[in-house]
2 protein chains.
Amino acid sequence: MHPLVTMRRMSPKRGGTGPHTPGAIWLRTRAPGRNTGSELSRERIADATVTVLDRDGMSGLSLRRLATTLNVHATTLYWHVATRDDLLDLALDAVFGEVVLPETHAHDWTHDITGYMHGLRTALLQHPWSGALASSRPLLGPNALARAEFVHAALASAGFTELDLTAAAAAISNYVIGTVATETSWQHVDETPARQALNEHLHHHAALYPTLATQPPPIDTTWEAHFTRGMTFLLAGLTAQLSRDQ
Amino acid sequence: MHPLVTMRRMSPKRGGTGPHTPGAIWLRTRAPGRNTGSELSRERIADATVTVLDRDGMSGLSLRRLATTLNVHATTLYWHVATRDDLLDLALDAVFGEVVLPETHAHDWTHDITGYMHGLRTALLQHPWSGALASSRPLLGPNALARAEFVHAALASAGFTELDLTAAAAAISNYVIGTVATETSWQHVDETPARQALNEHLHHHAALYPTLATQPPPIDTTWEAHFTRGMTFLLAGLTAQLSRDQ
DNA sequence: ACCTGAACACCGTTCAAGT
DNA sequence: ACCTGAACACCGTTCAAGT
C-alpha cells in the first residue's frame, strides 16, 4: 500500500542461475499430488497452446489469450506452469509427439533415418512456429527424447560410436529443423510482391551478386526437392564415414 | 479525445500482405534525401542494437532501452525504422558483416567452404542471440547476401549447378546456423545444477532411453569438435556428389 | 527532415484472497 | 489443491506537435 514499496517489482527474469531456463520445465521435479481431478492439466494446456500458436502465431500467444480459450483466468495458468517459456516447451514437445516412430528398426538404417527426417519435417511444417522454436531451445521433453533415442539407436546399430554418433545425430536433427525454420521464415517473402521486390533487388545489384543473380530464387514447390537433395548429401557423407571405419 | 473512438487502435501487426514481414527492411525502398547529417543513422542504430542484445539478451531489447543508449527518445526510432523487427534484421546483418571473406577464392573449394563455416560460427557465437535469430528469418541484408554470394560462387566453381548448388549452399548455411543455435540454447543448461538434473533425469528413465543414457551429454569443450566432425560428414557428402557427376 | 511527448492497448508476473 | 482479482512495471506503436 505504501507508495515507497512500489519499486520492488522485478524486471523480467533474466540471468540468475535459477531453474528458469528454457527447457527447464522438464528438469523440475513436480510436487506430488498435483493435478488430482482438476479441470486443467499440462496436457490440456499443451494442446491449447498449440492451437493458439497455429492460429495466432508466436507473437499472438499471450497468457490472457490462451487462458480465454481454456475458459480460465490468465493468472490461473501460473499454478500449472512457471513461465510463458514453459508453455513453449510444452507445445513444442507436443509437436514432436506427432512424429510417428516405426515399432521396429529397419534392416537398412538409412531407411530409419530418412523416414524419421521426412516425418519430423512434416510435423514441424504443420505448425509453422515450431521450426524456429525448435532451433532456439534444448529439446528435453519426453517426446523429443524418445525421437532422439530412436535416431541414436539407429546410428549406433549402423556402427557409429562416441563423437561420430553424437555428431551424426546432431547433424541430422539440425538439418531438418534448420531447413524447416528457413522454409517457414520465407513464407511471407514467398508472397508475390515481396518476392518481386527481392528479384528486383538482386538484379539491380547484379554486379555485387553475380552468382546469386543467376540463381533461381526459392519457389514454394521446390522446398521439398531441396530438402531431399541436401538430405542425400548428408547421408552420403555419413555412409562414407562408416565405410572408412571398416 | 472522444471516448468512443478509443477502440480504434490495432493489435500487433499480424497477417496482412503489407510490407511488414521479417527481412522486409531490405526490400523497402528508402525515401531519398534521408539521413542528411542527422545524429542517428541505420548504422549507429544497428551497432547500438547489437550492443544492447549482447548485454541484455533478446528479451532485454526494448525500444525504450535502445533509445536510452542512443540518447534519444523511444519514439524517435520510428523515423529510422518501421518496426522492432527491423532492428533485429539490422543487428543480424551487422553480425554477418563480421565474417571476413578472403579476397580471392582458394584453389581447393573445400578450403573456402570450411573457412567460411568456421568464420560464420565464430561470429555467431560472439553474439549468442544471433544463431536463433538467423534461423528464424530470411537473410537478405547486404552483408548476408555477400556471404551467400561467396558460398554460391565457390560451389559453382566446384561444379555444382541448379538444384544441387542451391541445396548445397542451403545445407552449409543451415548447418552452421543450426549448430550455433543449438550450442547457445544449451548455455544455461550447461551450468552444473541443470546439467546434473538432466543426467539424473536420463538415468532415471534409462529404460526409455537406453542409448541416450549411455551417451555422454554435451560438454562445453566438445561443441567445437562435434561441429567440425559434422562438417566433415557434410563435405564428404558434397564431394561424393561431385565425383558421381564427373 | 528529424525529434519529442502524450497516449493507447496491450503484455508477463506477483500476491493476497477465496473455495 | 486449485482458481480468482487486483495490481505493478513494463511493452510496441500511433499521432499531433515541435524545430
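Chain letters run A, B, ... following the sequence lines, proteins first, then strands; residues in each count from 1. Being a predicted model, the structure only gives us computed values, none of them experimental.
The two residues Ala91(B) and Thr49(B) make their nearest non-hydrogen contact at CB-CG2, 3.8 Å. Nearest approach of Ala123(A) to Val99(A), heavy atoms of both residues: CB-CG2, 3.7 Å.
Annotation: of the two residues near DNA chain D, Arg84(B) and Thr75(A), the 5′-most nearest-nucleotide partner is Thr75(A).
Following rounding to the nearest Å, Leu40(A) (CG) and dC3(D) (C1') show an atom-to-atom distance of 10 Å. Distance Asn71(A) CG to dC2(D) P: 19 Å, rounded to the nearest Å. Rounded to an integer number of Å, the gap from CG of Leu66(A) to P of dC3(D) is 13 Å. Spacing between atom OH of Tyr78(B) and atom P of dA6(C) amounts to 18 Å, rounded to whole angstrom units. Regarding His73(B), its NE2 atom lies at a distance of 19 Å from the P atom of dT14(D), rounded to whole Å. Protein atom CH2 of Trp79(B) is 14 Å distant from nucleotide atom P of dT14(D), rounded to whole Å. Rounded to whole Å, the distance from CZ on Arg64(B) to C1' on dC11(C) is 11 Å. Separating the CG atom of Leu77(A) from the C1' atom of dC2(D) is a distance of 12 Å, rounded to the nearest angstrom.
If you check every strand for non-hydrogen atoms under 4.0 Å, Leu61(B) touches sugar and phosphate atoms only. Ser62(B) comes within 4.0 angstrom of the backbone, heavy atoms only, and of no base.
Taking the six-membered ring for Trp and thresholds of 30 and 60 degrees, Tyr175(A) and Phe227(A) have nearly parallel ring planes, at less than 30 degrees apart.
In this model, the phosphate group of dC2(D) is not approached by any side-chain N or O of Thr76(A) to a distance below 4.0 Å at OP1 or OP2. Proximity of His80(B) to the phosphate of dA1(C): no side-chain N or O atom is located under 4.0 Å from OP1 or OP2.
Only one option out of Thr182(A), Thr179(A), Asn174(A) pairs with Asn174(B) in a side chain to side chain donor-acceptor pair (under 3.5 Å); it is Thr182(A).
Atom CG of Leu77(A) sits about 6.5 Å away from atom CG of Leu87(A), to the nearest 0.5 Å.
Shown here is Glu98(B), whose CD atom has more than 12 heavy atoms of other residues, nucleotides or ligands within 6.0 Å.
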Test log, rule salt bridge (Lys or Arg N to Asp or Glu O under 4.0 Å), inputs Arg42(A) and Asp93(A): CA-CA 12 Å; Arg42(A) 277 200 176 168; Asp93(A) 200 57; over 6 Å; no
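For DNA chain C, each stem of at least three Watson-Crick or G-U pairs (distances under 3.5 Å) is given as range with range: C:4-8 with D:12-16, C:12-16 with D:4-8.
Ranking dT13(C), dA6(C), dG12(D) by closeness to the Leu63(B) side chain, first place goes to dG12(D).
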